S.K.: 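Here it is: the structure, laid out below.
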Amino acid sequence: MLAEKQFRETEEMKAKAQISHAQPDDLIDFYHLKSRKGMSQLELEDAVQDDLKAATGQFTKDADDTNKLNRILQLTGFSDPVYAEAFVTVHHYDIVLDVTIINRTKETLQNLCLELATMGDLKLVDRPQNYTLAPESSKQIRANIKVSSTETGVIFGNIVYETSNVMERSVVVLNDIHIEIMDYISPATCADVAFRNMWAEFEWENKVAVNTVIPDEKEFLDHIIKSTNMKCLTPPSALDGECGFLAANLYAKSVFGEDALVNISIEKQDDGKLSGYIRIRSKTQGIALSLGDKITLKQKGGSS
C-alpha cells in the first residue's frame, strides 16, 4: 500500500511539474472590471472562461458535430401540425434549449407559445413569448434553464396556438427532455481516510443489486467506471489475482462541489454469474437516486 501511495504521489508530482501555470500569451482576467450582476465568484470565473472560449472559437469545433447531432431531441411527432425539435446545450449552471418549431399546415398560426415546465432542481429563466408563424415557415426559440444541484431533471411542456378558422386554442404536447446527471459529474480523488469519514457521515444511501451478463468481475468494474464517469480509488495491486471476489471504491465530484461515493462488492457464483451489491452514498438525495438509476440502466453490459 505504501509503495502504491508513493508511486501515485510521484506520478502526480511529475504531472504537476509538466503543467505550466501560465503561458506567455495567456489572457489576464481583471475580475473587478467585469459586470457582476449578482453573480457569485464561481459564476464570474465561469463567465470569463466562456468569453475566452467564445473568442478563441473553442465552442465551434468540427469534431463536436457528431456530438451535436446526439443532443438533438425530437419533441413532437411527424404527423403533428406543428413539428418541434430541440438542441440541448448543458454548461455547468445553465441549460440552453434551442427549439426549432415548423408550421406544417397551410394556415397562419397565431399566438403560438412554447410553454415549458421543469421537475427537479431546474428553474426556467425566461417567460414564454407569443409568436405568429406563417404557413410552412419555421421559428427558432431559445429557452434558458438554471441548474442548482446535480440531479436528473425533467423538462416538459407543450405548444399552444390559434388558427383563424378554429376559435379555441390547440395544444401539441411535447416529449419530455431528461437532463443527464453525467454532464455534472467528473472523476476525482480523495484519501482513503476522507472516503471512510464521508461514507460514515453521508445520510443518503442507494443500494443496487448486481444484475449483469458480464461474466468477469474486473470487466464489470471497468464497465461501471465507464458508465458512471467515476474514478476507482482502489489501487490495481489490490484488484490483482483471481479469487471470485471483488470490492472497490469509486469517487466523483460534481460541478457544484458535491461528493458521490460508490462501493462495489461482487462475487462469482457457482453458475458463473456475478452477484452482489453496488452502494451509492451522497449528501444529497438527488445524486444517490440519479446515480442508482444510471447504474441500473447501464449495468447489464453491452450497448445498453
Side-chain angles (χ1 to χ4, degrees), residues 1-5 7-9 11-12 149-152 178 180-304:
M1 278 174 70
L2 287 170
E4 282 280 352
K5 194 180 173 192
F7 177 71
R8 250 200 335 261
E9 282 172 358
E11 287 296 310
E12 281 171 19
S149 84
T150 312
E151 192 177 334
T152 300
H178 292 266
E180 184 66 77
I181 186 178
M182 291 303 111
D183 291 321
Y184 298 103
I185 280 184
S186 54
T189 52
C190 73
D192 292 341
V193 179
F195 187 93
R196 279 197 293 273
N197 290 342
M198 283 191 283
W199 188 268
E201 268 174 44
F202 291 170
E203 54 199 58
W204 292 105
E205 177 173 305
N206 193 358
K207 196 172 180 182
V208 179
V210 171
N211 177 18
T212 182
V213 292
I214 299 172
D216 185 63
E217 307 98 297
K218 290 195 187 66
E219 196 183 323
F220 178 71
L221 174 64
D222 291 338
H223 177 67
I224 294 293
I225 291 168
K226 193 178 171 187
S227 305
T228 55
N229 198 21
M230 299 186 90
K231 188 175 178 70
C232 183
L233 298 182
T234 310
S237 60
L239 301 171
D240 276 351
E242 294 291 331
C243 62
F245 292 90
L246 187 142
N249 292 333
L250 313 181
Y251 179 67
K253 234 176 160 49
S254 77
V255 293
F256 303 99
E258 299 157 323
D259 302 290
L261 315 177
V262 171
N263 172 262
I264 298 176
S265 301
I266 46 178
E267 65 170 310
K268 190 174 270 192
Q269 299 290 342
D270 296 335
D271 58 2
K273 287 189 174 179
L274 296 180
S275 72
Y277 290 98
I278 300 166
R279 295 199 293 165
I280 303 137
R281 283 200 184 182
S282 73
K283 201 174 265 185
T284 56
Q285 186 185 13
I287 291 185
L289 291 178
S290 303
L291 257 181
D293 293 344
K294 183 77 181 172
I295 288 171
T296 307
L297 265 175
K298 293 275 189 178
Q299 69 165 321
K300 290 274 186 186
S303 58
S304 64

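Both backbone and side-chain heavy atoms feed into the values below; hydrogens, waters and symmetry mates do not. None of these values were measured; they are calculated from a predicted model.
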S.K.: Taking the side chain as every heavy atom from C-beta outward, state whether S227 and K294 have any pair of such atoms under 4.5 Å apart.
M.R.: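 Not touching, per the 4.5 Å side-chain cut-off.
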
S.K.: Looking at every heavy atom in both A248 and C232, which two are closest together, and how far apart are they?
M.R.: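 That closest heavy-atom pairing would be CB-SG, 4.2 Å.
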
S.K.: Working to the nearest 0.5 angstrom, can you tell me the gap between K218 NZ and L246 CG?
M.R.: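 Between K218 NZ and L246 CG, I get 6.5 Å after rounding to 0.5 Å.
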
S.K.: Centre of F202's six-membered ring, under 6.0 Å away, within 45 degrees of the axis: is that where NZ or CZ of K283 sits?
M.R.: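 No, K283 does not lie over the aromatic ring of F202.
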
S.K.: Look up atom CG in D259 and atom CD1 in I287, then write down how far apart they are to the nearest 0.5 Å.
M.R.: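 Result: 8.0 Å between the selected atoms.
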
S.K.: To the nearest 0.5 Å, what is the distance between CD (E258) and CD1 (I185)?
M.R.: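 Separation between the atoms: 8.5 Å.
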
S.K.: Compare every heavy atom of Y251 with every heavy atom of L261, then report the nearest pair and how far apart it is.
M.R.: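 Distance-wise, the nearest heavy atoms are CD2-CD1, 3.3 Å.
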
S.K.: Hey, is the main chain of W199 close enough, under 3.5 Å, to the side chain of R281 for a donor-acceptor pair?
M.R.: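 Side chain of R281 to backbone of W199, a donor-acceptor pair under 3.5 Å: yes, one is there.
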
S.K.: Can you measure from CG (N249) to CZ (F195) and round to the nearest 0.5 angstrom?
M.R.: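 These two atoms lie 4.0 Å from each other.
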
S.K.: Within the side chain of H223, is there an N or O that forms a donor-acceptor pair under 3.5 Å with the backbone of I214?
M.R.: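 Flag not set: sc H223 to bb I214 has no pair under 3.5 Å.
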
S.K.: To the closest 0.5 Å, what do you measure between CD1 (I225) and CE (M230)?
M.R.: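 It is 9.5 Å, given to the nearest 0.5 Å.
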
S.K.: Show, in sequence, the C-alpha distance, side-chain angles and deciding distance for I264 and V262, and conclude whether the side chain to side chain contact (heavy atoms under 4.5 Å, CB included) test is met.
M.R.: CA-CA 7 Å; I264 298 176; V262 171; 4.1 Å; yes

S.K.: Looking only at non-hydrogen atoms, find the nearest pair between P187 and K231 and report the distance.
M.R.: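 Minimum heavy-atom separation between P187 and K231: CB-CB, 3.8 Å.
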
S.K.: Quick one: does N206's side chain have a donor or acceptor within less than 3.5 Å of a partner on I280's backbone?
M.R.: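 No.
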
S.K.: Has D271 got more than 12 heavy atoms of other residues, nucleotides or ligands less than 6.0 Å from its CG?
M.R.: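 Check passes, neighbour count above 12.
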
S.K.: When rounded to the nearest 0.5 angstrom, what is the spacing between NZ in K207 and OH in Y277?
M.R.: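 Rounded to the nearest 0.5 Å, the NZ-OH separation comes to 5.5 Å.
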
S.K.: Show the numbers, then the answer: is there a side chain to side chain contact (heavy atoms under 4.5 Å, CB included) between C190 and L233?
M.R.: CA-CA 8 Å; C190 73; L233 298 182; 3.9 Å; yes

S.K.: Name the one of D216, T234, L250 that satisfies side chain to side chain contact (heavy atoms under 4.5 Å, CB included) with L221?
M.R.: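 The residue from D216, T234, L250 that satisfies side chain to side chain contact (heavy atoms under 4.5 Å, CB included) with L221 turns out to be L250.
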
S.K.: Between the side chain of K273 and the main-chain N/O of K268, is any donor-acceptor distance below 3.5 Å?
M.R.: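 Not confirmed, K273 side chain does not pair with K268 backbone.
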
